[in-house]
Participant: 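The structure follows.
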Amino acid sequence: MAVPAAPVSFAPALAELDAHNLRRQRRTVRRGKLESAEIELDGRRCVDFCSNDYLGLAAHPQVVEAFIDAARIHGVGARASHLVTGHQTEHEALEKELAAFTGRERAIVFSTGYMANLGLARAVTGRDATVYGDQLNHASLIDGGRLSGAKLQRFPHGDVAALEQQLAAQDSGTALVLTDGVFSMDGDLAPLPALAATCSKYGAYLAVDDAHGLGVIGETGRGILEHFGLSPTQVPALVGTFGKAFGTFGAFVAGSEDLTQTLIQRARTYIYTTALPPAVAAATCAALSVSIAEPWRRERVLALTRRFRELATAAGIPLGPSETPIQPILLGSAESAMRASNALLERGFFVAAIRPPTVPADTSRLRITFSAAHSDDNVEGLVAALPEILQPE
Ligand SMILES: *Cc1c(COP(=O)(O)O)cnc(C)c1O
């Protein structure tokens, strides 16, 4: 006789989250002056220090115009997946621009960065493969490894020697190494030259997700590869997203003709989903052009970052090694991160508390991000507010 199923109750698990200060909460945002970082959060005015709009392009007039114009011409929805009739002239044009921007044979546009990573990891591996990932990789790379069906091995953050030992112990099958370029919660850089050398030594395939580096670091904003002077041969697969520095939505994988052909044949998150709205592709093309034509935006966000680090250091606030616009202040417990975030909001600054499972246990933090849309006053005001809210109770 069948045993009756237990009644489904979500309440205990939710109460458990509350007990540990781990319940996540959405806040409703209304934008104020479009090109500034001032927002209204649940009705309260504050300065947004959590957005990934590093170059302030999300509301740039040329980007907005391109979006509206393309929507008038093509409509809103893409109407189908890329392999049916969803792949339109706007997507094709964007892919050409991205290939040129990254200096690679070809680029393929995905609907999100999350999907790009899932699709890539599965497409380039088989069941006999092993996927290696940095322990602090973005969740989408971790899930990409998990869902690929390959064996998954994590290596300690930035530890190339540990990766080398793991690679040396693998006796058969493809090896795929996945890493963030700029780590999304810490802002530090992957040791990419050493990773590339080790991958080349063991014949492993290296894919870098430079979601937070593209548009921001490197002499001309080409990201971590430009920063380190690495070639496409050294790092054969590059993932980028549009929802960060480019201020729009979507993502891409750039690489050789064969890699991109393989993605078209095998990446399930590419094949079985509706193409990005063509107007988003057009807006992204415009954002890419603006990022090149207005290098002051990159210089500005990096100058604000340096200014913040100087002022914060002078005020005795402990910072990590990050020199990118992602500046975490580690607080340890989820409770202290929540308390600090709420106290900052009362003073007119919104910095989200980042807690497990987004970051490892006991490394809850305030994750501050800067944007070219911030004013000097915004940054100075934030630093002035920090010492008081970081006082231990
Ligand atoms: C934001 C982010 C993604 C996900 O990109 P979406 O387009 O927002 O899905 C992937 N990788 C990294 C490192 C990210 O920071």
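Order of listing sets the numbers, starting from 1, for every ligand and every atom in it.
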Participant: Run the side chain to side chain donor-acceptor pair (under 3.5 Å) test against Glu226 and tell me which residues pass, sequence neighbours left out.
Facilitator: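 By the side chain to side chain donor-acceptor pair (under 3.5 Å) rule, Glu226 matches Thr220.
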Participant: Return a table of N or O atom pairs, ligand 1 on one side and protein on the other, at distances under 3.5 Å, rounded to 0.1 Å.
Facilitator:
unit_1: ligand 1; atom_1: 7 (O); unit_2: Gly113; atom_2: N; d: 2.7
unit_1: ligand 1; atom_1: 9 (O); unit_2: Gly113; atom_2: N; d: 3.1
unit_1: ligand 1; atom_1: 9 (O); unit_2: Tyr114; atom_2: N; d: 3.0
unit_1: ligand 1; atom_1: 11 (N); unit_2: Asp209; atom_2: OD2; d: 2.5
unit_1: ligand 1; atom_1: 15 (O); unit_2: His212; atom_2: NE2; d: 2.5
unit_1: ligand 1; atom_1: 15 (O); unit_2: Lys244; atom_2: NZ; d: 2.7

Participant: Please state whether the rings of Phe246 and Phe101 are parallel, tilted or perpendicular, taking 30° and 60° as the class boundaries.
Facilitator: perpendicular
Participant: What salt bridge (charged side-chain N to carboxylate O under 4.0 Å, His left out) pairs are there with at least one residue in residues 356-376, not counting sequence neighbours?
Facilitator: Asp186-Arg365, Arg300-Asp376
Participant: Suppose the criterion is side chain to side chain donor-acceptor pair (under 3.5 Å): which pairs have a residue in residues 237-248, not counting sequence neighbours?
Facilitator: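 For residues 237-248: Thr248-Thr284.
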Participant: Specify whether Phe370 and Phe308 have parallel, tilted or perpendicular ring planes, treating 30° as the upper limit for parallel and 60° as the lower limit for perpendicular.
Facilitator: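 Phe370 vs Phe308 ring planes: tilted.
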Participant: Going by heavy atoms in the side chains, are Gln170 and Gln166 under 4.5 Å from each other?
Facilitator: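 A side-chain contact is absent here, since even the closest heavy-atom pair is not under 4.5 Å.
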